[in-house]
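Letters A, B, ... mirror the listed sequences (proteins, then strands); counts begin at 1. Because only heavy atoms are used, hydrogens play no part in the values below, and waters and symmetry mates are left out as well, while side chains stay in.
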Amino acid sequence: MSFRAVDTRASFVALEDRIGDYWRSNDIKKQALAHGDHAKPFIFFEGPPTANGKPGVHHVEARVSKDIIIRYHRMCGEHVIGARGGWDTHGLPVEIEVEKKLGFAGKPDIERFGIAAFNAECKSSVQTYIGEWERMTDRIAYWIDMEKPYATYDNSYIESLWWILRQFWDRDLLFRDYKVTMHCPRCGTTLSDAEVNQGYEDDVDDPSVWLRFRLDPSGHPLDAALAGAAFLAWTTTPWTLPANVALAVNPDADYVLAECGPDNTREKVILAASLATNVLGEHHTVLATYTGSQLVGAKYTRLFDGVPGPGDKPDLSTGYRVIGDDFVSLDDGTGIVHIAPAYGDLDVGRKHGLPTLFSVDLSGNTMPQFESMGFANMFFKAADPVITKFLKERGDLFKSARVKHTYPFCWRCKTPLLFYAKPSWYIRTTALKDRLVSANQEVHWVPDHIQNGRFGNWLSNNIDWAISRERYWGTPLPIWISDDGKHSECIGSVAELEAKVGRSLSELDLHRPYVDEITWQDPIHGIMRRIPDVADCWFDSGAMPVAQWHYPFENKELFEKYAGQADYISEAIDQTRGWFYTLHAVSTLLFDRPAFKNVICLGHILDGKGEKMSKSRGNIVNPWEIIDEFGTDAVRWYMFASAPPYNPRRFSRELVGDMLRQFTLTLWNTYSFFVTYANLDGWTPAGLLNADGSLTLDVATLTNPLDRWALARLDHLVRTVSSELDSYDIHAPAKAIERFVEELSNWYVRRSRRRFWKTENDSDTQAAYATLYTCLVTLSKLLAPFMPFLAEEMYSNLVLSKAPNAGPSVHMAKWPQSVPSWRDDTLVASIDVVQTLVGLGRAARRTAALKIRQPLPAILVRVPSAVAASMPAFESDIREELNVKAVRWLETGATFIDYRFKPNLRTVGKKYGKLVPALGEALKALSGDHARAIAVAVEQGNSFDLVVDGQTLSISPDEVLVETSSPDGYAVAEENGVLAALDTTLTPELVAEGIAREVVRYIQDARKNAGFAISDRITVAIDGVSGNANLEATIALWHDYIRTETLADQLVLGSSHAGAHIESLELDAVTLTIAITKAE
RNA sequence: GGGCGUAUAGCUCAGCUGGUUAGAGCGCGAUCCUGAUAAGAUCGAGGUCGGUGGUUCGAGUCCACCUACGCCCA
């Protein structure tokens, strides 16, 4: 039975559809997921995508990176644990999406709508995109179990998170504290650092105001000296001014009392000496200089009465004075910093015992108390100009301008953020900071610079993890506090909660609001109620190793024995501070070990112009468009073969298309070539292919060096691809495969073509089939992780059709092993020289303007001595490739060759140092017979003497490089010690042979144009020859050759009969007509 | 402002511990080869290796500073 015919113009998209159908109808994916030796587990963690949007190109990238490594390990016989889908379902992104859909403007709308209904909407919103993700995951052949994914909203998942939090609680790693947080007034929540950092925007236009804080004499030693003066402070947030309670100076810096302004209105101001000219301009006079510490304690007249917090009666007597603190910078502003503890300076406030006053509430609106001043109940940004105007009219504004600076916005809703002191819950990661750092040293990072660079730096600057969110759709924090506020408990399981309330909670949805309804009576402290906060959704995903298995409530053995630590994870670089960190933190805090052993960190994908893809730019590439045009394999290959995926790189339709032409089609044509001829010859892999799909090819049975070369290269490829995948490099192996396919196609197949055409089925043809078959089958396996569809196509046709019991898929085939007997480094090096030689020969022909069809008498060749001995074996290759009658090997020292010498700088540099240039000159000066003699000496491994700069040096062979060239009269080319010189003497016989080849070429073209099959036999009639004795004689002489080459049963001179395919050509100044017909 | 990364031909990228004339592919032009090939070969045009200094006999490579871009942090 023959192989399935391979169409050279196949549609890869259609092929992938067909393979996809095969996988589906035979349950191949399910079998693959179960495949492998359970005693050799390979642990993978799937980073759960947030299913609140369609998957983009970058998602495809990450998923394929994961898939490649998983497939490789599976083929190596390991059983992959953790190849299952996962969904990150909680969090603000989902809530925002739902709020948008329902037209909500903030938390009050949600509360009115009801938390139960709102969370139900969130849950169903997540589910709407899951189908889209499943479709993409299937199309790109990311083989994970999508039928039993974990989801962070499952009760079981949440219960595991509770268990983790309880562990932290018991170890005092979970605590509550006030901290200044970044607060989104629209979303009504504190944002995590990671979230805040996603929302910084540059070039934000804000007010920039300088204000007078007038001295208020209060018994300070400098009261008299500073009488009538004002402290100048600068701010870009006028809305915080009503909350001002102090001015800070740098105690070590110099401050000046200066007089400035127009002559008739000179006024006195105080500011940092180094900034005076900046702020006041040249036209000012310094009256006195003080250190910052001298100013400390001076009081000033407040601009506004700030609003105390609810139920708070702050002691204002400690406020409105100058304080000294090192943090005060002299880089910009006035060196005097306005302090508003509630909005960013809480630590300073605490340190100096300052009151905390407010100007803006948590919804971002100014307090009603400012009604009389005209800026009550305004959004804080809108209040800025009103406040500024008010201060200007009152004379407190020194000057104002606009400034472009960086300011944080809510990453989701784009509302400007507030710095705001709020109570929050924290995980005390700083307590184990040293361990976080040391555990990172156990991780293998690809690329390696992340380890001690970006990730390492992040860890060593670790701050406690703000884990609470005042939101709705998330994992409820399992902390209950008594009404009197004095007692709190952390609940670690549903069972524990049941014990508290004394009833079954098996039907309870652990989400809000249901869990909020669970309360109990504490005998001493009253009713215990849950705090309203939910967890940062990064905690959900960071805890997935534990929670996906509902550990420790289920899967105890699986988790403890195997699945607790991943062998491999992969995501893009933005996850350094995201998932990579939260995984690492949770695992280190909980189990004192890193969560993953190996991680591939991918660079981002840019658009075709190298710009970041973003919705606002409108340059997002839809992965479906490209997959639908070129297929999944093309996209997969492009992503990992075209350029290292660890750096940002471009992605566009055109780039994927280029790659397809270059690599995929070359491979496909090689495959197609094999199948075409194997079918013509009825070749089968009997005796080569074993029943289990493995191959047995004894290199000793191969006599043709081409075959042994192909196997040596193949073995090298197997070793390279395996070792690189072992070290989690997914780019280098793809490059190695590319190179091999190129050589297989353009050297092995091109050199071997005639072996496949032979009509008699001799042992050489058999060997060629066996070799090419072995290469293609092995390639299908090596390629399987990267191009799962194409690999499956090749495997099913080449292997499965002949060994039905070999296993249904290349993806469960055994990974190819190196065959040491195939290795032959000398042969590989020799062929390398032959290839160089052929290239040089072509270059020489071009120089001499002699086309390759014209035979030449000889080529004179010199090669490096290391491979010289093996060269004669390749004489026929060289003769055929270059169309020469003979190859003549030149000895070293042959008078034909001239020699030039250069110092071998690698060896000579350190030894002779400054003498090197003179040595170079001396070597350059060598010529003629002297040079030839030295060349012979070097060839034989002997040193020679050379006078350099007056001293005689003994130069050893490894200290000099020899280059060769030949005199004029030959067409010569030279490179890397290889020299090729063509003898261009043309005899009438050679010219005639050239004509014969010309005729063959035209007949072949005619055959092709006529649409004849490769094996069709034809009759040829050549007209127009008569009268040209030269041509007539030539055709007569080469009659048999022409017939054989063109499969012509008959070759006649004269006019054709009707119905023939006719072409004409110019030859020897005559126009010939060639007519061909299919032979009967 | 700080950290990490990147900067080499029109485009996409190689260039190992410093070493000789800086390479490949795509694209462009010319020629050649071809009954597997949408491929391939040869030649050509195209490079101040981001910039400025420094170390060295010698710097794309090492050092310092600067610039631009990406990501992260503030």
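- You'll find the ring centres of A:Y420 and A:Y343 inside the 6.0 Å limit.
- B:U6 and B:G60 have their C1' atoms separated by 15 Å, given to the nearest Å.
- B:A59 and B:G51 have their P atoms separated by 15 Å, with the value rounded to a whole Å.
- No contact: A:R739 has no heavy atom under 4.0 Å from any strand.
- For A:F674 and A:F756, the ring centers sit 6.0 Å or farther from each other.
- One atom, CG of A:D448, and another, P of B:C4, lie 14 Å apart when rounded to the nearest Å.
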Table of protein N/O atoms under 3.5 Å from nucleotides 58-64 of chain B N/O atoms:
none

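- Using modelled atom types, one finds no donor on one side chain facing an acceptor on the other under 3.5 Å when comparing A:S727 with A:D729.
- Nucleotide B:A38 holds its C1' atom 13 Å from the CG atom of A:N746, rounded to whole Å.
- Considering only side-chain N and O atoms, A:Y671 lies nowhere under 4.0 angstrom from the phosphate OP1 or OP2 of B:A36.
- Side-chain atoms of A:W637 and A:E738 form a donor-acceptor pair, as typed in the model, at a separation below 3.5 Å.
- Looking at heavy-atom distances under 4.0 Å, A:T1046 makes no contact with the nucleic acid at all.
- Atoms CH2 (A:W445) and C1' (B:C4) sit 12 Å apart, rounded to a whole Å.
- For the P atom pair drawn from B:G18 and B:G58, the interatomic distance equals 15 Å after rounding to whole Å.
- Taking atom CH2 of residue A:W538 and atom P of nucleotide B:C72, one finds them 11 Å apart after rounding to whole Å.
- Here A:G456 lies out of heavy-atom contact (under 4.0 Å) with every strand.
- Neither OP1 nor OP2 of B:U34 sits under 4.0 Å from any side-chain N or O of A:R753.
- Aromatic rings of A:H731 and A:Y646 (six-membered ring for Trp) have centroids beyond the 6.0 Å cut-off, not under it.
- Across the protein-nucleic acid pair, A:W747 atom CH2 and B:U34 atom C1' stand 16 Å apart, rounded to whole Å.
- In summary, the side chains of A:N462 and A:T430 do not present any donor paired with an acceptor at a separation below 3.5 Å, with no hydrogens or angles considered.
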Check the interface with nucleotides 27-31 of chain B: list each N/O to N/O pair with the protein under 3.5 Å, or write none.
none

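- Distance, A:I852 CD1 to B:A41 C1': 7 Å, rounded to whole Å.
- B:G47 and B:G15 have their C1' atoms separated by 14 Å, given to the nearest Å.
- Between B:U56 and B:C43, the two P atoms lie 41 Å apart (nearest whole Å).
- Donor-acceptor pairing under 3.5 Å is lacking for the side chains of A:Y581 and A:Q575.
- Applying the 4.0 Å criterion to OP1 and OP2 of B:U34, one finds that A:R1007 has every side-chain N and O outside that range.
- Using C1' as the reference atom, B:A68 and B:U8 are 16 Å apart when rounded to the nearest Å.
- The side chain of A:K851 has B:C33 as its nearest neighbour among B:C33, B:A41, B:C71.
- Picking from B:A38, B:U17, B:C73 the nucleotide with the shortest atom distance to the side chain of A:L665 gives B:A38.
- Contact between the side-chain N/O atoms of A:R842 and the OP1/OP2 oxygens of B:C32 is not found at any separation under 4.0 Å.
- Residue A:T670 is in base contact, counting any heavy-atom pair closer than 4.0 Å across all strands shown.
- The residue A:N904 sits close to a base: some heavy atom pair falls under 4.0 Å.
- Side-chain N/O atoms of A:W458 and A:T576 include no donor and acceptor closer than 3.5 Å.
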